[in-house]
2 protein chains.
Amino acid sequence: MATTEPRWLDDGQQKTWRAYMAASQLLSDHIDRQLQRDAGMPHTYYSLLVWLSESPERRMRMTDLAERSKITRSRLSHAVGRLEHNGWVRREDCPTDRRGQMAVLTEEGFAALAAAAPGHVEAVRCALFDRLSAEQVCQLGEIMRTVAEGLAPHGGADLPWRR
Amino acid sequence: MATTEPRWLDDGQQKTWRAYMAASQLLSDHIDRQLQRDAGMPHTYYSLLVWLSESPERRMRMTDLAERSKITRSRLSHAVGRLEHNGWVRREDCPTDRRGQMAVLTEEGFAALAAAAPGHVEAVRCALFDRLSAEQVCQLGEIMRTVAEGLAPHGGADLPWRR
DNA sequence: CATTCGTCATTGAATGTTCAAGCAGTCGTA
DNA sequence: TACGACTGCTTGAACATTCAATGACGAATG
């Protein structure tokens, strides 16, 4: 029996996919470089601080933080290890589950975030929002929400716009 | 003199940015995992093989390949080192510039690519194109082209849709 | 309560990426 | 030709990420 011919991408899809690959690579490099230079951390780490800063008491369970950030628990462990080393996050035992750990944003961490935020926002705006029409921003949001929901493990229940 | 207040993102931009971050993270993880599992290489490396396979004589100057792929020359050197180790790419001296190196796709490399392609396309399709309308695919393409052109170093002269 | 299974989080090794430094060759210019 | 500046590519070390294995605890079951 012959294996079925794969459904290749048509021309428009191909062009869109290549544009997406180029743009997402360029964008993440651009953002990472800006943050590394001005704040001494990669974008992933910056995002962790943002989530913590928006959470009640500036703390979150490791697993929750990993889910929100779309990263593995392992990666989060390493990352928090580094942030703890920097004095920006501290670990505390979870009061209700002795297996659990809370990641807590320190004052220094909050300060580092506050210092980094303006430059970061400016970079995002320059690279993305200043170049798109209001309509395109809507379209992009809709598209990305759809994609994220399709790939999210828990039916997307943990996605940011569902909070 | 007061530093000027940063122009924060408005609510719609904020939501779009978070959706973008979630989706791009999930998507690249998804694609990377699929390729790592089924083809033994990350997506970046797969893309290198694709570019080579589409190039005349299946070869490209290192710098050109780096520019097309939107990665640094350093990263490319390491990557090609690994691909060469796998027997998928070989290096040759450039005939016209003695500083230069050509990365050449081997038969084994072409075979590895051919074997990996169907599964990869299927993954991209499932994650992205099967979930978007034809109109959204156009919109996404337009948006991503705009972003890439804004961030490309050479005025975007090396972007895929400009070939 | 004892067993078993699942969850929370971490670890170390292997792999990939970045950054700054370095070597060799080319180009422009006097 | 000689010089200095620039380009092409590589290297090693520091850093980040993945993967599989592990220990500790919780929850369900008998």
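Everything numeric in this text was worked out from a predicted model, so none of it was measured. Sequence lines set the chain letters: A, B, ... in the order given, protein chains first and strands last, and positions in each chain run from 1.
Comparing A/Arg33 and B/Pro42 along DNA chain C, the residue whose closest nucleotide (by nearest heavy atom) sits nearer the 5' end is B/Pro42. If you find the closest nucleotide of DNA chain C to B/Gly40 and to A/Gln36, the one lying nearer the 5' end belongs to B/Gly40.
A/Arg61 has no carboxylate O lying under 4.0 Å from a charged side-chain N of A/Glu92, or vice versa, which leaves the two without a salt bridge. Checked for salt-bridge contact, B/Asp130 and A/Arg7 meet the test: a charged N lies under 4.0 Å from a carboxylate O.
The residue A/Asp97 sits close only to the backbone: its heavy atoms come under 4.0 Å of sugar-phosphate atoms, none of a base. Within the 4.0 angstrom heavy-atom criterion, no nucleotide atom of any strand lies near A/Arg37.
Not one side-chain nitrogen or oxygen of A/Arg73 sits closer than 4.0 Å to the OP1 or OP2 atom of C/dA9. In this model, the phosphate group of D/dT7 is not approached by any side-chain N or O of B/Thr63 to a distance below 4.0 Å at OP1 or OP2. Not one side-chain nitrogen or oxygen of A/Arg98 sits closer than 4.0 Å to the OP1 or OP2 atom of C/dA9. At D/dA24, none of the side-chain N or O atoms of A/Arg99 fall inside 4.0 Å of OP1 or OP2 (strictly under the cut-off). Applying the 4.0 Å criterion to OP1 and OP2 of D/dA16, one finds that A/Arg82 has a side-chain N or O inside that range. Listed pair A/Ser74 / D/dT17 fails the phosphate criterion, with no side-chain N or O lying under 4.0 Å from OP1 or OP2. Within the 4.0 Å cut-off from OP1 or OP2 of D/dG8, not a single side-chain nitrogen or oxygen of B/Arg61 is found.
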Under 3.5 Å donor-acceptor pairs involving side-chain atoms of residues 32-42 of chain A, not counting sequence neighbours:
residue, atom, partner, partner atom, Å
A/Asp32, OD1, A/His43, N, 2.7
A/Gln34, NE2, A/Asp38, OD2, 3.0

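Atom pair B/Glu92:CD and D/dC9:C1' shows a separation of 16 Å (rounding to whole Å applied).
Across all non-hydrogen atoms, the minimal contact from B/Ser55 to B/Met60 is CB-CE, 3.6 Å.
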